[in-house]
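Predicted model only: the values in this text are computed from it and were never measured. Convention: sequence-line order gives letters A, B, ...; per-chain numbering from 1.
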Protein chains: 2
Amino acid sequence: MNLPFKALSDPTRRKIIMLLKEKDLTAGEIAEHFNMTKPSISHHLSILKQADLVSDERKGQNIYYSLNTTVFQELINWFFEIIDYNEGVNRDENR
Amino acid sequence: MNLPFKALSDPTRRKIIMLLKEKDLTAGEIAEHFNMTKPSISHHLSILKQADLVSDERKGQNIYYSLNTTVFQELINWFFEIIDYNEGVNRDENR
DNA sequence: TAGATATTTAGACAATATTCTAAATATCTA
DNA sequence: TAGATATTTAGAATATTGTCTAAATATCTA
């Protein structure tokens with residue numbers, strides 16, 4: 001749970017996530033949205049990948065990035081725990 | 001939205017949140033749970049406070065810290081947007 | 001009011017993170 | 001296979017963050 005939180009702590013990476021929410025994009029297309037070099041964006045993508053928040057797939061010369069919703073679900077569960085949301089969720093208290 | 005994400009990126013601060021989820025605690029009681037000096041914990045508390053994730057209230061010599069669920073709700077909404085959860089939420093698509 | 005307790009503030013230092021340029025790797029196409 | 005395009009890797013510079021010690025502030029009580 002540490003890597004995803006670290007990954008989300010940077011605004012550039014959160015913006016990348018917002019872009020990928022709309023549709024899958026190549027590393028180059030992502031870079032176009034930022035005032036930053038491609039190696040820097042590549043580094044951010046690598047951190048998102050390590051955190052398992054995105055996945056990548058090469059198609060010819062391009063590498064397409066896409067969102068990995070699984071870890072986001074886990075994060076949402078973490079937050080629910082904080083605010084003690086427990087309707088419909090398996091919890092000892094409900095048994 | 002930047003401060004809360006930054007605040008949550010540190011494991012010590014997330015552990016503090018987990019402690020406060022159970023009950024309000026003084027700065028000293030919080031510090032007892034960590035292998036770290038009190039000034040360091042105080043600094044972490046200050047970051048959580050700036051991010052509006054916790055609030056503090058002095059009672060005599062002690063300062064009690066407690067969780068501020070509002071910002072957590074906003075964070076959950078941010079995550080819902082990512083995974084495109086939109087039941088019961090006001091969205092253009094539903095109009 | 002002096003001393004004890006709880007906590008924060010200030011300032012320094014080391015560890016991490018972000019960004020850059022230059023170079024390397026992978027793939028496509030003429 | 002040579003050159004073009006897309007992307008990553010390596011390494012360095014700078015900025016930010018986390019932690020510490022020492023000192024300051026606030027409150028309580030004898």
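Relative to the side chain of B:P39, the nucleotides C:dT18, D:dT19, C:dA10 differ in distance, and C:dA10 lies closest. Taking only side-chain atoms of B:R13, from C-beta outward, the nucleotide of D:dG18, C:dT19, C:dA22 with the closest atom is D:dG18.
Taking atom CD on A:Q50 and atom P on D:dT9, their separation rounds to 10 Å, with Å as the unit. Remark: C1' of D:dG18 and CG of B:L8 are 16 Å apart, rounded to the nearest angstrom. One can place NZ of A:K38 at 12 Å from C1' of D:dT8, the figure rounded to the nearest angstrom. Between B:K6 atom NZ and C:dT16 atom P the separation is 16 Å, expressed in whole Å. One interatomic measurement links the two molecules: CG of B:N2 to C1' of D:dT16, which rounds to 12 Å at whole-angstrom precision. Rounded to an integer number of Å, the gap from CD1 of B:I63 to C1' of C:dT7 is 5 Å. Atom NE2 in B:H43 sits roughly 10 Å away from atom P in C:dT9 (whole-Å rounding). The distance between atom CD1 of A:I47 and atom P of C:dA17, rounded to the nearest whole Å, is 8 Å.
Counting heavy atoms from C-beta on, the side chains of A:L53 and A:L75 come closer than 4.5 Å. Within the 4.5 Å cutoff, the side chain of B:D24 has no heavy atoms near those of the B:Y65 side chain. Using a 4.5 Å cut-off on side-chain heavy atoms (C-beta onward), A:T12 and A:F34 make contact. Within the 4.5 Å cutoff, no side-chain heavy atoms of A:I83 are placed close to those of A:F79. At a threshold of 4.5 Å between non-hydrogen side-chain atoms, the residues B:H44 and B:I30 do not count as touching.
Put simply, B:S40 has no side-chain N or O that comes within less than 4.0 Å of OP1 or OP2 on D:dG18. One finds a side-chain N or O of B:N62 lying less than 4.0 angstrom from the OP1 or OP2 phosphate oxygen of C:dT7. In this structure, A:Y65 does not reach the D:dA6 phosphate: none of its side-chain N or O atoms is under 4.0 Å from OP1 or OP2. Contact annotation: B:Y64 does not reach the phosphate of C:dA6 (side-chain N/O to OP1 or OP2, under 4.0 Å). Remark: B:T37 is in phosphate contact with D:dC20, judged by side-chain N or O atoms under 4.0 Å from OP1 or OP2. Side-chain N/O atoms of B:S42 include one lying less than 4.0 angstrom from OP1 or OP2 on C:dT8.
Applying the salt bridge (charged side-chain N to carboxylate O under 4.0 Å, His left out) rule to B:D52 yields no partners; only residues at least two apart in sequence or on another chain are considered.
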Between the protein and nucleotides 26-30 of chain D, which nitrogen or oxygen pairs are less than 3.5 angstrom apart?
residue : atom : partner : partner atom : Å
D:dT27  : O2   : B:Q61   : NE2          : 3.2

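Base-pair partner of D:dT9: C:dA22 (Watson-Crick or G-U wobble, both distances under 3.5 Å). Nucleotide C:dC28 forms a pair with D:dG3, judged by Watson-Crick or G-U wobble geometry with both contacts under 3.5 Å. The partner of C:dC13, taking Watson-Crick or G-U wobble pairs whose two distances both stay under 3.5 Å, is D:dG18.
The NZ atom of A:K21 sits 4.0 Å away from atom CG of B:D84, with the distance rounded to the nearest 0.5 Å. The CG atom of A:N68 sits 10.5 Å away from the CD1 atom of A:I17 when rounded to the nearest 0.5 Å.
A:H44 comes within 4.0 angstrom of the backbone, heavy atoms only, and of no base.
Classified by interplanar angle (parallel below 30°, tilted 30° to 60°, perpendicular above 60°), the ring pair B:F80/A:F80 is perpendicular.
Between the side chain of A:R13 and the backbone N or O of A:K6, at least one donor-acceptor pair lies under 3.5 Å.
DNA chain C is contacted by B:T26, B:A27, B:G28 of residues 22-36 of chain B, taking any non-hydrogen atom closer than 4.0 Å.
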